[in-house]
Number of protein chains: 2
Amino acid sequence: MANLKQLAQSLGLSVTTVSRALDGYSDVSAATRQRVQEAADKAGYRPNASARRLRKQRAELVAVTLPSEPGHIGPLHFLDMLSGCAEHLAGAGLNLVIAPVPHGESELDMCRRFVDGRRVDAMLLVRTKRHDERVEFLQSRGFPFVTNGRTESVIQHPYIDGDGFSGFNAATLRFHRDGHRRIAHVGAPQEYFFAHARRQGWEAAMRECGLATDLDLQQAPTEQGGYEAALALLARSDRPTAIVCATDEMAIGVLRALREVDGGLSISVIGHDDLPIGAFTSPALSTMRMTGGNLGRSFASLLLRTIAGEPAETLQELHAIEFVDRDSHRLPPIAA
Amino acid sequence: MANLKQLAQSLGLSVTTVSRALDGYSDVSAATRQRVQEAADKAGYRPNASARRLRKQRAELVAVTLPSEPGHIGPLHFLDMLSGCAEHLAGAGLNLVIAPVPHGESELDMCRRFVDGRRVDAMLLVRTKRHDERVEFLQSRGFPFVTNGRTESVIQHPYIDGDGFSGFNAATLRFHRDGHRRIAHVGAPQEYFFAHARRQGWEAAMRECGLATDLDLQQAPTEQGGYEAALALLARSDRPTAIVCATDEMAIGVLRALREVDGGLSISVIGHDDLPIGAFTSPALSTMRMTGGNLGRSFASLLLRTIAGEPAETLQELHAIEFVDRDSHRLPPIAA
DNA sequence: AGGATCATCCAAAACGTTTTGGGAGTCAAT
DNA sequence: ATTGACTCCCAAAACGTTTTGGATGATCCT
């Protein structure tokens with residue numbers, strides 16, 4: 001209702017003084033400041049956000065891209081993360097806008113819109129690819145951004161990621177220690193960094209154990225993708241006795257295939273992400289997850305520090321992976 | 001990089017003309033428009049969002065409040081809905097900001113910040129209470145908003161809601177038809193409209209059947225809340241043979257209690273919301289859900305029409321509830 | 001020729017802030 | 001009395017757009 005001019009007029013002061021009083025500058029007397037503060041409170045005055053943004057050349061917004069393409073929308077615990085991120089950003093006066101890619105527009109176009117229209121101060125990218133055109137674009141513009149997941153970009157950039165290689169390496173080695181020899185990998189498209197890293201971890205472990213790496217399939221990172229991959233594996237004469245899955249969604253699809261073909265759990269399975277849903281599947285899904293606590297808070301912090309101009313090298317978090325052992329990984333290797 | 005002034009200068013035109021050319025006004029010649037358009041494309045020009053917002057007195061933003069308080073963050077399929085909503089809003093040039101309530105601030109304070117600071121053009125409220133102070137505030141300001149869920153406000157406002165009364169009424173009557181006589185209700189705090197409506201539906205059915213309505217408990221709308229309510233019910237001498245639960249999360253907690261106390265499904269259970277997770281519980285959770293297709297799209301449409309000034313009465317959607325029958329509701333009444 | 005109509009363009013105002021670059025006035029030291 | 005330092009305040013510019021209210025010619029009609 002009230003703007004600065006009206007407020008100033010009603011106080012017999014200039015807009016400058018009122019503005020500076022409210023912003024806590026030292027060149028306004030304590031008495032005046034108090035008078036201004038009270039009047040502002042009484043009038044319920046809040047500075048017009050658009051005006052301030054224009055003047056300060058900051059959008060006070062951060063956008064997060066939501067890939068709506070394969071299967072569902074990102075990991076399912078995403079909203080919790082975003083909510084935490086938004087809350088911490090709000091503490092610094094930034095709001096978080098969610099930006100699903102509109103039908104008929106590429107994710108790159110969307111970045112362009114946000115960046116060139118100065119709609120946001122930074123971007124949060126999820127589901128990075130090994131060669132990610134969004135990353136390249138933002139780097140070419142010198143625009144602040146943080147990714148969830150690494151890339152193979154030669155120029156460094158801020159990211160938070162789990163050490164998928166080590167996680168899948170360890171999971172595979174553990175299967176080997178448990179006596180498994182035919183350990184399959186059900187992966188996601190290798191253009192995604194996370195999918196590639198996880199597959200590499202599996203592959204390195206297999207080589208280390210002197211095992212062949214041909215029990216390997218890629219599918220869409222969805223329940224359906226996992227289902228189809230499992231069907232293909234079950235049809236082989238050299239069936240695996242254990243399967244490591246790139247994502248929990250895929251692992252759940254694998255469990256469904258096992259139920260349908262063998263009537264239950266006939267092969268050990270482990271997933272990745274620790275979706276809440278995994279606790280309720282039968283058998284309960286064994287999985288892995290990133291350590292590191294409040295992810296949303298970390299993203300918010302990295303975004304703020306990126307905007308503040310900290311160099312990318314100091315803004316990279318690689319978190320260890322830990323096992324979440326439930327029931328699906330415990331089958332002896334001779335089950336088939 | 002480029003702003004209107006620079007673009008105009010490089011073309012030997014005024015900013016007025018360039019602006020109007022790009023906006024498709026008819027008072028600029030076709031030749032000039034083309035010339036401008038091409039130059040703008042080449043320069044990758046996009047109008048500065050803050051400047052336009054200030055001038056047009058529109059924030060081009062809509063905020064959705066995320067209640068982070070009880071249990072998890074809203075229904076778990078929330079992100080899909082929000083994503084759909086954001087996508088359709090984007091088609092009209094609006095972005096969606098997610099606004100979790102910051103620590104130590106009330107949801108009302110947050111509304112105030114957004115409204116009085118003109119940070120958004122409309123708000124989307126979820127988890128309405130019967131008497132909702134956010135609704136009252138927005139109404140007092142004459143500010144556009146849409147709620148997910150009704151309220152008991154005397155002044156009408158736009159909403160989308162499921163007909164919880166009828167859904168719970170029908171579910172209870174069906175249990176009765178199946179022979180159940182001791183049908184319990186595990187509800188959420190009655191200050192929430194949805195919780196009250198659902199309880200009323202159950203209660204009306206019980207009365208209609210001439211049954212007592214004392215098998216009735218309220219708890220937090222979380223898995224834990226459902227668990228605790230079920231423990232209390234199972235300890236009674238007049239145990240129920242069927243339970244209708246206000247939410248799927250609560251129903252899942254009830255299933256856990258049944259497993260722990262009776263070692264499996266000993267009582268019929270039905271939930272509400274059709275969480276994806278329900279398909280994976282054992283037994284698979286029978287539930288209900290709102291009909292009506294793409295919820296996000298509907299919210300976006302209502303928001304746009306509210307902003308456009310359509311009267312609230314034409315912007316109210318009450319959707320029927322349908323059963324999603326899986327396994328948990330099929331037990332005969334004498335199971336106990 | 002004079003007026004009306006039309007097509008095309010533009011200067012300036014406006015949106016509401018924040019920031020710049022001082023301007024008064026007071027007080028103390030010289 | 002002048003100078004300098006200090007306190008408190010303010011006018012005006014700036015941010016980049018959209019919109020208002022014409023201005024300038026050209027064309028057409030009578």
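Protein chains get the first letters and strands the later ones, always in sequence-line order, with residue 1 at the start of each. FYI, side chains are in, hydrogens and waters are out, and symmetry mates aren't considered; it's all heavy atoms of this structure. Quick caveat: nothing in here was measured; it's all calculated off a predicted structure.
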message: I'd like to know if A/R52 pairs up with A/E60 as an ion pair, taking the criterion as any Lys NZ or Arg NE/NH1/NH2 lying under 4.0 Å from an Asp or Glu carboxylate oxygen.
response: yes

message: Listing request: all side-chain hydrogen bond (donor to acceptor under 3.5 Å, both in side chains) pairs with a residue in residues 8-18 of chain A, at least two apart in sequence or in separate chains.
response: A/S14-A/T17

- prompt: Do any pairs count as a salt bridge (Lys or Arg N to Asp or Glu O under 4.0 Å) and have a residue in residues 12-26 of chain A, sequence neighbours left out, and if so which ones?
  reply: A/R20-A/D27

task: Only pairs at least two apart or in different chains count here, so list each salt bridge (Lys or Arg N to Asp or Glu O under 4.0 Å) that has a residue in residues 42-51 of chain B.
output: none

message: Which residues pass the ring pair (Phe, Tyr, Trp, His ring centres under 6.0 Å) test with B/H157, not counting sequence neighbours?
response: B/F145

- request: Tell me, please, which residues at least two apart from B/Y159 pass ring pair (Phe, Tyr, Trp, His ring centres under 6.0 Å).
  value: none

- prompt: the helix from C/dA1-D/dT30 to C/dT30-D/dA1: angle between its terminal axes, five pairs each, to 10°?
  reply: 70°

message: Test: ring pair (Phe, Tyr, Trp, His ring centres under 6.0 Å). Region: residues 112-144 of chain A. Which pairs qualify, not counting sequence neighbours?
response: none

task: For B/R141, enumerate each residue passing the salt bridge (charged side-chain N to carboxylate O under 4.0 Å, His left out) test, keeping only those at least two apart in sequence or located in another chain.
output: B/D116

- request: Would you mind reading off the distance between B/R35 atom CZ and C/dT8 atom P, rounded to a whole angstrom?
  value: 14 Å

task: Starting from C1' on C/dT19, measure out to CZ on A/R53 and report it in whole angstrom.
output: 19 Å

task: Going 5' to 3' through nucleotides 9-18 of chain C, assign each nucleotide B (protein heavy atom under 4.0 Å from a base atom), S (under 4.0 Å only from sugar-phosphate atoms) or - (no protein heavy atom that close).
output: BBBBBBBBBB

